[in-house]
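Step one of this worksheet: look at the structure below.
Basis for what follows: all heavy atoms, side chains included, without hydrogens, waters or symmetry-related copies. Fair warning: this is a prediction, and the values are worked out from it, not measured in the lab.
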Amino acid sequence: MNNNLVFTVQFDIKPEYISIFEKSLLHILNNMSAEDTFVSCYLDKNLSNETRYILYEIWNEPSVEAFIENQGSKEYRTEFNENIDNWTSSEKKVTMLAPVQEWHK
């Protein structure tokens, strides 16, 4: 397996902010997909709780610190980062993962 940086981010969004959250997040995802170290990203919505969103991201960054340094302050993230605390009903949950095995069809 490779040594990519893998993580999930869970957001619980206040219902009145779902539209602006999606618009701002899609702006970030479309921009970050052009980054050199970007590998892949999945955005999902919980079927039993439509205010819960989960991102699954893979980056070719050597560490969390490198990711934060290289990606965290990109201009296209500014609006989202400034507003996310107002849009969420609870603190976002970030889970760091270590790749073990993968399958593709």
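Considering only heavy atoms from C-beta on, N70 stays 4.5 Å or farther from E35 through its side chain. The side-chain heavy atoms of Y56 and L97, taken from C-beta on, include a pair separated by under 4.5 Å. At a threshold of 4.5 Å between non-hydrogen side-chain atoms, the residues L5 and M96 count as touching. Residues E22 and K45 form a side-chain contact, since some pair of their non-hydrogen atoms from C-beta on lies under 4.5 Å apart. By the 4.5 Å heavy-atom criterion applied to side chains, I20 and W87 are counted as neighbours. Within the 4.5 Å cutoff, side-chain heavy atoms of I84 are placed close to those of F11.
With hydrophobic clusters built from ILVMFWY side chains whose heavy atoms lie under 4.5 angstrom apart, V39 does not share a cluster with V94.
When each of I54, D12, T8 is checked for a side-chain contact (heavy atoms from CB on, under 4.5 Å) with K93, only D12 meets the rule. Test I58, N4, V6 against S40 for side-chain contact (heavy atoms from CB on, under 4.5 Å) and you get one pass: I58.
With hydrogens and angles disregarded, no donor-acceptor distance shorter than 3.5 Å links the side chain of R77 to the backbone of M32.
Atom CD of E16 is surrounded by more than 12 heavy atoms from other residues, nucleotides or ligands within 6.0 Å.
Here the CZ atom belonging to F67 is positioned 12.5 Å from the CG atom belonging to N60, to the nearest 0.5 angstrom.
Aromatic ring pairs are classed by plane angle as parallel below 30°, tilted from 30° to 60° and perpendicular above 60°; the pair F80 and F21 is tilted.
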